[in-house]
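None of these values were measured; they are calculated from a predicted model. Quick note on labels: first sequence line is chain A, next is B, and so on, each numbered from 1.
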Amino acid sequence: MRLLLIEDNARLGSLVRDGLIPQCFAVDWVETVEDAELAMKVATYDLLLVDLGLPDGDGLDIVRRSRRDKNATPILVLTARGGLDDRVTGLDAGADDYLVKPFQIPELAARCRALLRRPGASLGTQLAAGNVVLDCASRSADVGGVAIDATPREINLLEVLLRRAGHVVAKPALENTLYAMDAEVTPNALEAAVSRLRKRLTAAGADVQVRTVHGVGYALFAPSVSGE
Amino acid sequence: MDAVRPRRRPPTLFRQIAARLAAFTLLFAALDVGIVVFTYSRQPESLAQELLTLEATKAQAGGVLSPDLLTGPPGAESWSARYVEPGSPELRRVGETGIDGASTLVDWTRREQTPRGYRISGVRAIDRGEERRWLAMQFEGDGIRPYVPVIVNEIIQHVMLPLIPLSLLLLLFNVFAVRRVLQPLRHAEREVDALEPDNTLLRLSEPSEPREVNTLVSAVNRALGRLDAAMATLREFTANAAHELRTPLSIMQLSLDRLPAGKQRDELQADARHLTRLVEQMLDLAQADALALDGHVAIDIADIGRDVVAAMAPKVFAAQRDLRFESFGDTAAIGHPEAIFRIYRNLIDNALSHAPGVTPIDVSAGPGPQLTVRDYGPGIAEVDLPHVFDRFWRKDRRSSTGAGLGLGIVQRLTEAHGGTVSVENATGGGASFRVRLEV
């Protein structure tokens, strides 16, 4: 995975780069808007990490220009601006996620992976969390290398949860995947489907956890993220 | 916003003007009296003339046609009054003063010096119906005393009678004028009362006249402009401070992570986290204080609640605790979405740090524009209830879980929405915070 880090603070830039490399990311680091644009011309990146306050311009301009050029590369904004309206401004400009400083490397890496797991993004074809791996192309899942027997509906649920691993997925988003199966959706169809998926994963010895967030949705936690 | 008025109200402009006018009237009257007295004392002949006229008026007004009943001026000696016929010697004495003919009937007065003082004599015509009679009067006197009634009469006639109606008229005119002049001031007062610190762009409308009010109002507007600039500077400072502090904090945290593992690193990391939290809360509070709520839009409190719960669930689950959300419907409101998000987040953070162990946290929205966050901890002691929203207040001062600003931020953000925040000990244990927004 190749990342472009645009950060003008020399120490922070080197710390982020050195922190991400052990997480299996290749990181190119530039300090100005001009250098960033040069880098994007000569190389293709899977993800942009953009600091907002740069010496020769605003990082949001990179985001806007990139979106105007129909560039679909996921963008994660790293910023010291934590004002009430800053997050909305950043997301409105076309950023995919927004991380306010100070942050820690594991969180940054998790967010990067979440963006890369999106459909169409670089990690979008094979999703993994803990010992669970799902191949989006063949619509099959395995736990610790052993294939599990799951219905297409459960595979779809697992895919959505894996793409957002570590994050809560709202019920409507999950229900949409059931509707997409043309199945009859009863009020507790989602609960039933999640319950079956959970049992199947547990039976196969998966180390991930599918947790219920009452009134909101469900979240899949890999063992390292759940903090145990 | 409530206009706070002092209990003892200062005097109105009208009262001040009325009091000054009354004082001036009195001063003027005194001056007038002085002038009257001075003028007459220089002209004893005029006084004598007025004195006899006054006596004759008494005779006529009282219908006293018998001159014996007239008592004369006070202190007069050898007072005599009687009617005389035309052609009598008294009348003829007119001739001696140079006015022609016994048949010419006129009033006259004569003042003569005597060894003991003066003697005044004269004749006045008295009309009663068609009948005209002539009253001849004479007396001797000394000093000013006989003249007192005349002087009093003169003061009433020439000072009191003209001054009182004039003063009343002036007063009336002043009431009217003051009302009119103060009208633009009252208008400005209403506008100033309507000013909110959140809406700093509002200005008072400047009246074209009077110029004094116009200059005052435009001075107020200039002051509002300076306040506006100061608020903008504060907001700018907050943004700059955020940037300046957050980047070195990031560097510090990431550098600490690279130190060799050990007790010292763990302690430093905990210190750095505490420092980070403190800085973030102070910046949050500064932002909340400077929050310009012109960004109010239609929001759904339940939707924001779900977002917050979704965002915080990983953190709460990591602490081996459960986070639950429930909506009671009817949750549409007007507000600032990110501010509402932070209200929820700070309340959940508060529950996380104050309810111990593995107790769950319940978040709810509605019914109506309100939200609650309830924990299952020990609740809040009666003595602590008044302090929980105080800035930098912590139940246990040695606790290092936060800066004690979270609930202050909640309160400020709620106030910026015109809402209220309250806390109570829930039945079944735990503290329940409730935020109600303005309907």
* Proximal component of Val169(A), with respect to chain B [non-hydrogen, under 4.5 Å] -> neither
Heavy-atom closest contact ([X] atom, [Y] atom, distance):
X: Pro314(B); Y: Gly166(A); answer: CG-O, 3.2 Å
X: Arg306(B); Y: Val216(A); answer: O-CG1, 3.6 Å
X: Phe103(A); Y: Gln253(B); answer: O-OE1, 4.0 Å
X: Ser250(B); Y: Pro102(A); answer: OG-CA, 3.2 Å
X: Arg211(A); Y: Asp322(B); answer: NH2-OD1, 4.0 Å

* **Euclidean distance, Asn9(A) CG relative to Ile251(B) CD1, rounded to 0.5 Å** => 3.5 Å
* Structure fact -> Here the gap from Asp362(B) atom CG to His214(A) atom NE2, rounded to the nearest 0.5 Å, amounts to 9.5 Å
* **Pick from Glu280(B), Glu326(B), Arg258(B) with the largest number of heavy-atom pairs that fall under 4.5 Å of chain A** => Arg258(B)
* To do: Heavy atoms only, distances under 4.5 angstrom: which of Gly305(B), Ser255(B), Ala313(B), Ala302(B) has the most pairs with chain A? Name it, please.
  => Ser255(B)
* **CD/Glu34(A): more than 12 non-hydrogen atoms of other groups inside 6.0 Å** => no
* Structure fact -> By salt bridge (Lys or Arg N to Asp or Glu O under 4.0 Å), Asp97(A) pairs with (sequence neighbours left out) Arg111(A)
* Asked: Side-chain contact, heavy-atom cut-off 4.5 Å: Leu12(A) with Thr247(B)?
  -> yes
* Determine whether Lys101(A) and Leu249(B) make a side-chain contact, defined as any pair of heavy atoms from C-beta on separated by less than 4.5 Å. => no
* Asked: Side chain, backbone, both or neither: which part of Leu323(B) has an atom under 4.5 Å from a heavy atom of chain A?
  -> backbone
